[in-house]
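One structure is given here, and the rest of the page talks about it.
In what follows, chains are A, B, ... by sequence order, proteins preceding strands, each numbered from 1.
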Number of protein chains: 2
Amino acid sequence: MSDPTGRVFDALADPNRRFVVEALAERETATATELAAELPVTRQAVAKHLAALNEAGLVESRREGRETLYELTPGPLAAAMDWMASVGAEWDSRLARLRTHLDSSRKRRS
Amino acid sequence: MSDPTGRVFDALADPNRRFVVEALAERETATATELAAELPVTRQAVAKHLAALNEAGLVESRREGRETLYELTPGPLAAAMDWMASVGAEWDSRLARLRTHLDSSRKRRS
DNA sequence: CCAATCCGCAACCCAAAGGTTGCGTATACT
DNA sequence: AGTATACGCAACCTTTGGGTTGCGGATTGG
């Protein structure tokens with residue numbers, strides 16, 4: 001799965017990971033232990049989630065002394081939003097085409 | 001998991017399901033067998049995916065004679081996009097607050 | 001220097017997810 | 001009526017994913 005959009009959706013599919021993303025959107029940085037304190041799971045679980053988010057390009061890590069700071073990099077969110085927007089747009093334009101087609105046939109009939 | 005946004009992300013996490021969504025965005029309706037013809041999986045697998053998409057509110061099914069037609073209902077996409085937008089907005093405003101703070105301290109220093 | 005943190009790595013567990021096959025049933029075609 | 005098509009349901013298999021525990025290695029503080 002090298003598709004970047006797919007990795008983003010996969011990353012956001014987990015509720016704990018979404019919580020982490022929300023938390024990182026408010027604080028500027030956080031460590032795995034800090035985040036684990038607000039979640040019903042262990043530090044290692046959070047670390048795995050952060051690794052997954054990093055894999056998706058949503059988070060970057062930097063080591064500061066004995067602790068590792070994680071920071072949000074919301075760039076890939078835009079790509080995922082683009083995908084949804086394009087699906088919605090295709091759907092809309094299909095509806096529009098259908099509507100004009102119905103209009104023209106109605107006009108022809110009247 | 002009653003959170004609607006979570007269900008949408010979970011639904012879009014699977015590549016086959018995303019393909020189905022894309023396909024349904026172009027055609028207006030499709031059956032499970034039609035979609036399975038363009039995918040490397042069986043009809044039943046596609047049926048399960050369509051059930052998952054329906055669970056997420058992204059698809060609706062209607063029975064027409066001996067075949068079941070599936071149609072896209074992209075409403076929930078908006079909610080998911082809202083979530084991403086709000087995360088991005090929080091991130092942006094945090095950056096803005098940080099920037100003004102730096103500006104003011106620089107002003108004080110000068 | 002020693003103790004307390006903070007982390008990463010590895011092994012392991014278990015439930016869930018994606019997929020398949022098999023079968024029964026309803027609808028259409030001839 | 002009989003055959004072919006399209007579906008749903010259920011059992012089953014296998015992999016993945018989220019989670020935990022148990023270490024051992026760095027880094028900070030007394």
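Between R62(A) and E64(A), at least one side-chain N (NZ, or NE/NH1/NH2) sits under 4.0 Å from a carboxylate O, which counts as a salt bridge.
For the side-chain contact (heavy atoms from CB on, under 4.5 Å) test with V46(A), the passing option among T33(A), N16(A), T31(A), L35(A) is L35(A); the others fail. With L53(A) as the partner, the side-chain contact (heavy atoms from CB on, under 4.5 Å) test is satisfied by one option alone out of L72(A), T73(A), V21(A): V21(A).
Remark: C1' of dC7(D) and CD of E34(B) are 13 Å apart, rounded to the nearest angstrom. In this structure, CD of Q44(B) is placed 11 Å from C1' of dA6(D), rounded to the nearest angstrom. Taking atom CD of E55(B) as the reference point, atom C1' of dA16(C) lies 15 Å away to the nearest angstrom. What separates CZ of R66(B) from P of dC29(C) is a distance of 6 Å, to the nearest Å. When rounded to the nearest whole Å, the span between CG of L12(B) and P of dG18(C) equals 12 Å. Distance CG (L50(B)) to C1' (dG18(C)): 14 Å, rounded to an integer number of Å. For the pair L69(B) CG and dA6(D) P, the computed distance is 12 Å after rounding to whole Å. Taking atom CG on L53(B) and atom P on dG18(C), their separation rounds to 10 Å, with Å as the unit.
As judged by a 4.0 angstrom heavy-atom cut-off over every strand, R43(A) is placed among the base-contacting residues.
Considering only the side chain of T42(A), dT21(D) comes nearest among dC9(D), dT21(D), dT5(C). The side chain of Y70(B) sits closest to dG8(D) out of dT28(D), dG8(D), dG19(D). The nucleotide whose nearest atom lies closest to any side-chain atom of N16(A) is, among dC7(D), dG18(C), dG19(D), dG19(D). Between dT21(C), dC7(C), dG19(D), one nucleotide has an atom nearer to the side chain of T33(A) than all others, and that is dC7(C).
Positionally, the nearest nucleotide of DNA chain D for E67(B) lies more toward the 5' end than for the other of E67(B) and K48(B). Toward the 5' end of DNA chain D, the nearer of the two residues A52(A) and G65(A), judged by each one's closest nucleotide, is A52(A). In terms of position on DNA chain C, the residue among H49(B) and T31(A) whose nearest nucleotide sits closer to the 5' end is T31(A).
Side-chain atoms of L24(B) and V87(A), non-hydrogen and from C-beta on, never get closer than 4.5 Å to each other.
The phosphate of dG18(D) has OP1 or OP2 within less than 4.0 Å of a side-chain N or O from R17(A).
The 12-atom threshold is exceeded at CD of E22(B), counting heavy atoms of other residues, nucleotides or ligands nearer than 6.0 Å.
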